[in-house]
Amino acid sequence: MARALARDGLEVVATYARDEDAARAAGERARAERLSISLARCDAGSSAEVAALFERIGPVDVVVHAAGFTRDRLLASMSDRDFDDVLAVHLRGGFLASRHALPAMLARRWGRIVYVVSPSGLVGRRGQTNYAAAKAGLIGLCRALAREAGPAGVTVNCVSAGLLDTALTADLAPDVRAELIDAIPLHRAGRPEEVAPAIAFLCSDRASYVTGQVIAVDGGLT
């Protein structure tokens with residue numbers, strides 16, 4: 001996603017929370033492709049860290065909130081921390097980034113905010129009540145904020161990304177992965193490169209009349 005936006009001419013700041021090796025590799029790839037992407041460590045669910053990030057980088061035109069992780073288990077055995085930590089990164093993270101970015105966007109009367117959500121937030125999935133609640137919350141946040149920010153020319157949308165071959169899904173048990181793929185009409189997992197164009201479109205002038213929407217890139221799952 002960062003590379004797609006950089007190819008469209010944006011100066012991109014991509015954040016990571018823990019995996020410094022992966023971040024370094026991404027930075028090296030961006031330099032090799034001569035893309036304007038810098039990297040910053042930031043816990044998306046931390047008010048202090050998000051505030052420090054925006055203080056460092058200043059006003060932005062575009063926010064893509066794609067931070068996330070899972071802590072799956074049945075609700076009966078889910079701890080408070082399992083629930084709170086997932087909502088903090090996904091839902092609170094989207095709120096924090098938007099709150100810091102919005103004043104400058106409103107002042108300039110132009111801005112793009114995109115939240116990456118999931119089919120789990122639309123149809124639910126067994127063992128993911130925390131994750132589904134967080135993603136559904138982001139959809140509600142998107143639709144309400146679209147109405148608040150629309151008069152100033154700021155659009156707010158969601159991209160619902162289905163099963164993708166990323167680090168987040170690398171540890172899926174084979175039987176779980178097979179079950180998920182069986183439910184997808186295209187019968188395969190997607191690639192990040194197949195989601196990035198939708199996000200790049202929503203962040204561009206081409207999508208100036210699109211707001212409050214959830215665009216599914218999920219192989220037909222929903």
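What you see is a predicted model, and the numbers here were worked out from it, not measured in a lab.
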More than 12 heavy atoms of other groups within 6.0 Å of [X] [atom1]:
X: D175; atom1: CG; result: yes
X: R18; atom1: CZ; result: no
X: E11; atom1: CD; result: no
X: R108; atom1: CZ; result: yes

TODO: For side-chain contact (heavy atoms from CB on, under 4.5 Å), just list the numbers for C203 and M1, CA-CA rounded to whole Å, side-chain angles, deciding distance to a tenth of an Å, and then say yes or no.
DONE: CA-CA 11 Å; C203 293; M1 290 183 284; over 6 Å; no

Open item on the list: Whether R92 and D43 form a salt bridge (side-chain N of Lys/Arg under 4.0 Å from carboxylate O of Asp/Glu) is what I want to check.
Closed with: no

- [ ] Answer yes or no: is there an ion pair linking E179 with R126, defined by an N-O contact shorter than 4.0 Å?
- [x]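 Not counted as a salt bridge, because no side-chain N and carboxylate O are separated by less than 4.0 Å.
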
Do [X] and [Y] have side-chain heavy atoms sitting under 4.5 Å apart?
X: L221; Y: L180; value: no
X: Q128; Y: K135; value: no
X: V13; Y: V60; value: no
X: S47; Y: R99; value: yes
X: D218; Y: I184; value: no

Considering only distance and modelled atom types, tabulate donor-acceptor pairs under 3.5 Å from the side chains of residues 34-42, sequence neighbours left out.
| residue | atom | partner | partner atom | Å |
| --- | --- | --- | --- | --- |
| R41 | NH1 | A17 | O | 3.0 |
| R41 | NH2 | E20 | OE1 | 2.8 |

Point-to-point distance, once rounded to the nearest 0.5 Å, from [atom1] of [X] to [atom2] of [Y]:
X: Y115; Y: L202; atom1: OH; atom2: CG; value: 13.0 Å
X: I113; Y: L141; atom1: CD1; atom2: CG; value: 8.5 Å
X: L91; Y: L96; atom1: CG; atom2: CG; value: 9.5 Å

- [ ] Decide side-chain contact (heavy atoms from CB on, under 4.5 Å) for L122 and I139; before the verdict, give the C-alpha distance in whole Å, the side-chain angles of both, and the deciding distance to 0.1 Å.
- [x] CA-CA 9 Å; L122 296 169; I139 293 171; 3.6 Å; yes

So does [Y] get a backbone contact from the side chain of [X], meaning a donor-acceptor N/O pair under 3.5 Å?
X: R112; Y: S204; value: yes
X: D82; Y: R71; value: no
X: H187; Y: G219; value: no

